[in-house]
Chemist: 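The structure that follows is given in the form of structure tokens.
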Amino acid sequence: MHGEVMVNYWLMKSELDVYPWSQLVEDKTTHWDGVRNYQARNIMRDDMKNGDWVLFYHSNCKPPHVAGVAKVCKEGYPDFTAQDPESKYFDEKATPENPRWIMVDIEAIKEIEAVGLPELRANPSLEGMPLLQRGQRLSVQPVSAEHFAVVCQMGGLNSNCL
DNA sequence: GCCAACGTTGGC
DNA sequence: GCCAACGTTGGC
């Protein structure tokens, strides 16, 4: 409409002991392999675009928390680990013709002060955030622009400065 | 370690 | 296409 590029916001979960934020900082960028859920795959395949912002979330730790802000730097392409028999993410149904699973690359942008799940739950301005919904367990999920800004603020980062 | 909430699989 | 059994996620 106004010639502006539409930017979207996402939250991606990583288990702290599998791939922590500190590792992404060290690597600078990484490919988000191992997602084996169709809903999450479809988001990566269809919706995530270069330049989209990502909240990097640590799950399976106490407390679970948002640890940093990342950015999509490569759009959806085949998750090659699905075709690697040596990989723990191997899927015999994945082929070069039909890769079945998709990943994106993300790039570390900015660390924030850890914002714990209890804090997130306690903040009224985050009402309706998918992460906080009962029973949700999608490892890649949408975040509204407003919620993204609030979470950054809670972590000591003014998202306007990104 | 428990278990609620899903998602997937496969027999019918 | 239903649905029971099973597997996984992930907070607690």
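The analysis underlying the following values was restricted to heavy atoms, covering all of them including side chains, and did not include hydrogens, waters or symmetry mates. Owing to the predicted nature of the structure, the values given are computational and were not obtained by experimental measurement. Just so it is clear: chains get the letters A, B, ... in the order the sequence lines come, proteins before strands, and each one is counted from 1.
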Chemist: Would you list the protein and nucleotides 10-12 of chain C atom pairs, both N or O, that sit under 3.5 Å from each other?
Modeler:
| unit_1 | atom_1 | unit_2 | atom_2 | d |
| --- | --- | --- | --- | --- |
| C:dG10 | OP1 | A:Lys13 | NZ | 2.9 |
| C:dG10 | OP1 | A:Arg137 | O | 2.8 |
| C:dG11 | OP1 | A:Tyr57 | OH | 2.9 |
| C:dG11 | OP2 | A:Asn60 | N | 3.2 |

Chemist: For A:Trp101, which of A:Tyr89, A:Tyr38, A:Trp32, A:Phe80 qualifies under ring-ring contact (aromatic ring centres under 6.0 Å, His included)?
Modeler: A:Tyr38
Chemist: For the pair made of CG in A:Asn37 and P in C:dT9, what is the distance, rounded to whole Å?
Modeler: 9 Å
Chemist: Can you tell me the distance, in whole Å, between the CZ atom of A:Arg36 and the C1' atom of C:dT9?
Modeler: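 These atoms are roughly 16 Å apart.
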Chemist: Between A:Glu146 and A:Val150, does a side chain to side chain contact (heavy atoms under 4.5 Å, CB included) hold up when you go through it step by step?
Modeler: CA-CA 6 Å; A:Glu146 293 74 17; A:Val150 170; 5.6 Å; no
Chemist: Just the rounded figure in Å: distance from C1' of B:dT9 to OH of A:Tyr38.
Modeler: 11 Å
Chemist: More than 12 foreign heavy atoms under 6.0 Å from CD of A:Gln39: is that the case here?
Modeler: no
Chemist: Parallel, tilted or perpendicular for A:Trp53 and A:Phe148, by the 30°/60° rule?
Modeler: tilted
Chemist: Could you tell me how far apart A:Lys88 (NZ) and C:dT8 (P) are, to the nearest whole angstrom?
Modeler: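 Interatomic distance, NZ of A:Lys88 to P of C:dT8: 12 Å.
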Chemist: In whole angstrom, give the distance that lies between atom CZ of A:Arg134 and atom P of B:dA4.
Modeler: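 Interatomic distance, CZ of A:Arg134 to P of B:dA4: 9 Å.
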Chemist: Do the side chain of A:Asn8 and the main chain of A:Met48 share a donor and acceptor less than 3.5 angstrom apart?
Modeler: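 Checked: no pair found.
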Chemist: If I take atom CG in residue A:Asp91 and atom P in nucleotide B:dG7, what distance separates them, rounded to the nearest angstrom?
Modeler: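 To the nearest whole Å, that distance equals 18 Å.
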Chemist: Kindly compute the distance separating CZ (A:Arg41) from CE (A:Met103), expressed to the nearest 0.5 Å.
Modeler: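 Here the interatomic distance stands at 14.5 Å.
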